[in-house]
2 protein chains.
Amino acid sequence: MPNKKNARTRHTSVSQRRQVTIIEVAEAAGVSIATVSRVMSGSPSVRSELVERVRRAADELGYRPNPAAQRLASGVGDTIGVVVPNLANPYFYDVIKAMNIAAATEGYQMLIADANEDPDEEFDLSTNLLRQVDGLVLVSPRMPAASLRRLAQENVHIVLVNRVAVGVGLPTVAVDNYSAMVEICGHLARLGHRRVVYLAGPELSWQNVERQRAVEQAEAFGLEVQTVPAGASIDTGHAAVDRALELKPTALVSFNDLVAFGALARLQELGVRVPDDVSLTGFDDIPFAAYVSPSLTTANSPQRVLGQRAWQVLHQMMSGAEVDDTPLVKAEVVIRGSTAAPTSSTPDRLPSRPAAGSAAPSVH
Amino acid sequence: MPNKKNARTRHTSVSQRRQVTIIEVAEAAGVSIATVSRVMSGSPSVRSELVERVRRAADELGYRPNPAAQRLASGVGDTIGVVVPNLANPYFYDVIKAMNIAAATEGYQMLIADANEDPDEEFDLSTNLLRQVDGLVLVSPRMPAASLRRLAQENVHIVLVNRVAVGVGLPTVAVDNYSAMVEICGHLARLGHRRVVYLAGPELSWQNVERQRAVEQAEAFGLEVQTVPAGASIDTGHAAVDRALELKPTALVSFNDLVAFGALARLQELGVRVPDDVSLTGFDDIPFAAYVSPSLTTANSPQRVLGQRAWQVLHQMMSGAEVDDTPLVKAEVVIRGSTAAPTSSTPDRLPSRPAAGSAAPSVH
DNA sequence: CTGTTAGCGCCTTCAA
DNA sequence: TTGAAGGCGCTAACAG
């Protein structure tokens, strides 16, 4: 508890009024606190006259139950926790937003934690949240399976999003990354591409593992695949391009859209044209993928569905229902302007200018 | 409390263990619960030998204090609430993320609520959150001043972000929208633009009021300004373009970047070239503004600073410190590719094709 | 420095 | 259908 009570600033002029408790309501209504409690929780076994009286007293006094007390007494609350690797990634927002809406519909609130792409922090935040929420959603967790297993042992309901962990016994909601990525590679192969570089995501990311597996699998289609480590954000994509180009690929396959954006910016700085000189693909189809230029060929990972389903599963667990193991969610490949057939004259030497003029976007 | 306890699914195989309480730790360590409490809260007045014994007992048993009980007993907690109009707007990401990081550094957690651009829900969510958090941040609230005033009366610390409300007595952290928008208009005027349409944001948004005020003020520069209502999201921008074009402007000034993105997409569908046929500006400089094509002229609203400052102010209030009224944060205008001098041949009739080929991004 | 003891506000048997 | 009373787990005086 980092806090002290009883603060006062020149902004808080009005005399702070204490919390209205159930006792005051009971007195005002001339009933016992038990009755008030019953009325507040909508118990049917209260004479309607009393219900009326209590209701009136309650909102005249502006009574609102104290959640901490409710939770302490009843053992349950109305909030769920969510841990994400990085709050700055739009991909997660859609998942979170969908989840939040679904949860709010049933009266639940959301405690959010940002792990900053750090697996250890992820675990710490999770254990911490565990104590105060009724359910926990881990979105794309990077923490090791052993950590997940420890969490699974705890007395809280947990669901995993976009992380399939075998032998952990946690229900999972995930996208079929593999198939979609195979399709993307197939698309490139059909266009006539041969040399492809995969701009890899975070090593510990299940999604990265799946996508990379697919890309490598694509060698069966005659693609020659090499991998360059990048990450999950715009700047890692930007930074990885130079190494990737040394391998003289005709196409760059990015871990996700953000990496692709970064790569695109760098390519433009270098004067390498997309898709004329090199094709580029993303993954996730975040809302901006359609608005960059050239618009990005990517795979539409249905975030909203994921979010809704995650809540649905969690809710099932919390209400003691049997949990359906949900199948992988399909991701649709979206062909846009950033991919095309390779030209015969793949540039063997690159332009030496470090950056084009004012048109070149700067990366922060 | 929407919840029931005691759920069981085929996933939760291990026998759920009860919460370890302070009593068990006390017994295991052979001390009183008061001592355990002291040790856990780092009180200096405990013999180091006992500290040691308690610590060992605590983590052997895996003891973690129950936050609900702590909060009930002490009256304070360690979580702050945040209400945003729309979680899907990237503008808010950075504000939230910065705030979250700052708060986490001091041991605070974040309860998030999405008001879905609905002022009433905003108020409800706020009053609800009020009961269970130690501080509340309202980001760009659209609710009426009267509602804010009621909230201000409550026994919680509140800070406003990007909403200046006079006579409400709530500390505020905000961007200087007005000056930046005046600058944007000046930029257009210097380029030689005369007829400008403002794609307005949400009516109840203070930021919109400020930006619109600035645009209208720009008539002093010789700009002829007309306003078309749009909103705060991509699709509202997309939808507003047709009406805007009827006014035959040489430049479109958008409420924010998202609206500009939507407008850009629609303009491209119509075959109207940016900036050749019409210039376009945004506001906020979200990370993607540099990556669309043409890259967007906009104003860099320093979200991170806002987030940090919001936390700083809130923290000051919560710790009873005097609150500095912070001055408006300056927004820098960023000139990019979407603005240029108007050509003499402003298209009087538009191309009739409803949409260009595969290059036209689709809006969802 | 340490232990005892009231509560914090509410829920929930258990009787009536 | 209602009320009385015992906790929920912890903090914070207050004694010693």
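Numbered from 1 within each chain, the chains take letters A, B, ... in sequence-line order.
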Notebook entry, point to check: Nearest nucleotide by nearest heavy atom, which residue falls closer to the 5' end of DNA chain C, B/Ser32 or A/Arg64?
Noted result: B/Ser32
Check: With nearest nucleotides of DNA chain D determined for B/Ala68 and A/Val46 from heavy-atom distances, which residue corresponds to the more 5′ nucleotide?
Finding: A/Val46
Notebook entry, point to check: Hey, does A/Ile33 reach any base, or is it just sugar-phosphate, or nothing, if we go heavy atoms under 4.0 Å?
Noted result: base
Check: From C/dT12, D/dG9, C/dT4, pick the nucleotide closest to the side chain of A/Ser37?
Finding: C/dT12
Note to self: Do B/Asn162 and B/Val95 have side chains that approach each other closer than 4.5 Å (heavy atoms only, starting at C-beta)?
What the structure shows: no
Next item on the list: Could you work out which one of C/dT12, D/dC10, C/dG9 sits closest to the side chain of B/Pro65?
Entry: D/dC10
Margin query: Please determine whether a side-chain nitrogen or oxygen atom of B/Arg47 lies at a distance below 4.0 Å from atom OP1 or OP2 of C/dT2.
Written below: yes
Margin query: Counting the atoms with a prime plus P, OP1 and OP2 as sugar-phosphate, which does B/Ser45 contact under 4.0 Å by heavy atoms, base, sugar-phosphate, or nothing?
Written below: base
Note to self: Under 4.0 Å, heavy atoms only, any strand: does B/Thr21 hit a base, just the sugar-phosphate, or nothing?
What the structure shows: sugar-phosphate
Checklist line | Integer-rounded Å distance: C/dG3 C1' and B/Leu50 CG | finding: 11 Å
Next item on the list: Return the value, rounded to whole Å, for the distance between atom CD1 of A/Ile23 and atom P of D/dG3.
Entry: 14 Å
Check: side chain to side chain contact (heavy atoms under 4.5 Å, CB included) with B/Pro171: which of B/Val323, B/Ile158, B/Thr326, B/Leu160?
Finding: B/Val323
Check: How long is the line joining CG of B/Asn66 and C1' of D/dT11, in whole Å?
Finding: 13 Å
Check: Can you tell me if the side-chain N/O atoms of A/Thr35 get under 4.0 Å from OP1 or OP2 in D/dG3?
Finding: yes
Notebook entry, point to check: Within this structure, what is the CE-to-P distance between B/Met40 and D/dC10, rounded to whole angstrom?
Noted result: 9 Å
Check: To the nearest 0.5 Å, how far apart are CD1 in A/Ile112 and CG in A/Leu125?
Finding: 12.0 Å
Checklist line | Residues, nucleotides or ligands: over 12 heavy atoms within 6.0 Å of B/Arg304 CZ | finding: no
Check: Do A/Trp311 and A/Ile80 pass the side-chain contact (heavy atoms from CB on, under 4.5 Å) test, and can you show the C-alpha distance, the side-chain angles, and the key distance before you say yes or no?
Finding: CA-CA 9 Å; A/Trp311 163 252; A/Ile80 65 173; 3.8 Å; yes
Check: Which nucleotide in the set D/dG3, D/dT11, C/dC11 lies at the smallest distance from any side-chain heavy atom of B/Gln70?
Finding: D/dT11
Check: Which whole-number value in Å describes the distance from A/Glu27 CD to C/dC10 P?
Finding: 13 Å
Next item on the list: Describe the nucleic acid contact of B/Val31 in one word from base, sugar-phosphate, nothing, applying a heavy-atom distance below 4.0 Å.
Entry: sugar-phosphate
Next item on the list: Figure out the CZ/C1' separation between B/Arg53 and C/dG3, and round it to whole Å.
Entry: 13 Å
Item checked: Upstream residue (5' side of DNA chain D) when B/Arg38 and B/Leu72 are each assigned their closest nucleotide -> B/Leu72
Notebook entry, point to check: Taking CD from A/Gln132 and P from D/dC8, how many angstroms apart are they, rounded to a whole number?
Noted result: 21 Å
Checklist line | Of B/Ser48 and A/Ser41, the one whose closest DNA chain C nucleotide lies more 5' | finding: B/Ser48
Check: What integer distance in Å separates B/Arg71:CZ from C/dC10:P?
Finding: 13 Å
Margin query: Does this structure show an ion pair linking B/Glu154 with B/Arg131, if we count only N-O contacts that are shorter than 4.0 Å?
Written below: yes
Next item on the list: Taking only the side-chain heavy atoms of B/Tyr63 (C-beta and beyond), determine which of D/dC10, C/dG9, D/dT2 contains the nearest atom.
Entry: D/dC10
